[in-house]
Amino acid sequence: MDRKDQIPIPVNHAVKALTQEIVDALKFLSREGFIGCDLSPKSAQILESWAEIRKNPKAETLEDIQKDLGDCRRCKLCKSRTHIVFGEGNPSARLLFVGEGPGYDEDIQGKPFVGKAGQLLSKIIKAMNLTREQVYICNIIKCRPPQNRNPEPDEIKACLPFLKRQVSAVSPEFICALGSVAIRALLDQEIFISRVRGKFFEFKGIKVMPTYHPAYLLRNPNKKRDVWEDVQKIMKEMGLS
Ligand code: URA
């Protein structure tokens, strides 16, 4: 049959929308590294993220995410925290810093990186020819663990979806992951910061540079040179140097 003899099939809008939804789902799943419908925790987590996005199909803002977070009681850290530390900075920053979790000062003020480690982070940002207002700063977990202990897996599991949504809302070109807790949670791999620092990784199409945490630098000032080298790589890619 010739093309001109074919009867055009009217495109049903519902079919078109469904097709688009399937395409979007497949794109999302492949971006997230979904390779098959198995029962692994990673696959389950990816499917959960998709379900979360489907609940909020419009691009969500940081305000939407903060509203959804509310007076969060999703993990045990809610019992000991003073304030939730959501994150702050430019909502469309090119560069996003992600740390571990709030410490004493952050818990009191409800702002990320405002204590001694935060002052050092501010110096690093300044040395990059940027200001804190130009970048976005947040943490893997949003509530201070008692005695500043490392976040526990269940706490990271409860909080990470919110960080991922923040990353999607800001949509930065670069992420600087500060310390092993940050890079492990982002890449979902048991890696050592000393092995991976200074190398670009990829997360949701964003270039991720892991480097040492500023609190570690306060204890090991001889590692400052390494961090300077790592952030210079970000600067070069951003066209800041
Ligand atoms: N350390 C972090 O990882 N985050 C903060 O906000 C402060 C200290």
Side-chain angles (χ1 to χ4, degrees), residues 62 65-66 69 72 75-78 80-91 93 95-128 130-167 170 172 174-188 191-194 196-197 201 203 208-221 223-224 226-227 230-231 234:
L62 290 167
I65 301 164
Q66 193 160 12
L69 183 68
C72 186
C75 86
K76 56 188 177 301
L77 294 179
C78 67
S80 52
R81 70 160 185 246
T82 311
H83 288 110
I84 295 178
V85 179
F86 181 72
E88 67 175 13
N90 180 350
L95 173 60
L96 179 147
F97 285 90
V98 59
E100 182 178 317
Y104 175 83
D105 296 286
E106 292 76 20
D107 177 60
I108 299 291
Q109 296 187 41
K111 293 178 177 192
F113 281 99
V114 288
K116 283 214 175 83
Q119 285 160 20
L120 182 50
L121 179 62
S122 300
K123 279 191 192 162
I124 295 168
I125 293 170
K126 194 163 176 224
M128 294 177 78
L130 290 166
T131 61
R132 274 180 76 112
E133 292 69 33
Q134 284 176 304
V135 301
Y136 192 80
I137 306 175
C138 53
N139 282 302
I140 296 295
I141 58 162
K142 297 185 176 4
C143 296
R144 181 191 180 211
Q147 279 84 49
N148 292 350
R149 64 155 167 74
N150 277 355
E152 292 176 353
D154 61 312
E155 296 156 2
I156 295 180
K157 190 162 179 251
C159 224
L160 196 57
F162 289 93
L163 172 76
K164 288 187 177 173
R165 286 164 65 187
Q166 282 171 286
V167 170
V170 175
F174 300 90
I175 294 177
C176 184
L178 302 166
S180 41
V181 169
I183 193 64
R184 282 179 184 180
L186 273 186
L187 302 184
D188 193 22
I191 40 187
F192 291 97
I193 188 69
S194 55
V196 295
R197 60 146 280 269
F201 289 79
F203 172 76
V208 180
M209 172 60 72
T211 194
Y212 292 123
H213 193 287
Y216 175 77
L217 295 184
L218 292 174
R219 298 189 301 272
N220 301 275
K223 297 288 181 191
K224 284 185 185 170
D226 287 345
V227 171
D230 301 346
V231 298
I234 304 178

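We're numbering straight along the sequence, starting at 1. Just follow the structure's listing: the first ligand is 1, and inside any ligand the first atom is 1.
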Between the CD1 atom in I140 and the CG atom in L160, the distance rounded to the nearest 0.5 Å is 6.0 Å

Test V196 against every option in L187, I191, V208 by the side chain to side chain contact (heavy atoms under 4.5 Å, CB included) rule and name the one that passes. I191

Can you measure from CD (Q109) to CD (E88) and round to the nearest 0.5 angstrom? 9.5 Å

Is the number of heavy atoms from other residues, nucleotides or ligands within 6.0 Å of NZ (K116) greater than 12? no

Side chains of C176 and M128: does their closest heavy-atom pair fall under 4.5 Å? no

F192: which residues meet the ring pair (Phe, Tyr, Trp, His ring centres under 6.0 Å) condition with it, sequence neighbours left out? none

Output the set of protein residues with a heavy-atom contact under 4.0 Å to ligand 1, ordered first by chain identifier and then by residue number. G99, E100, G101, E106, P112, F113, N139, H213

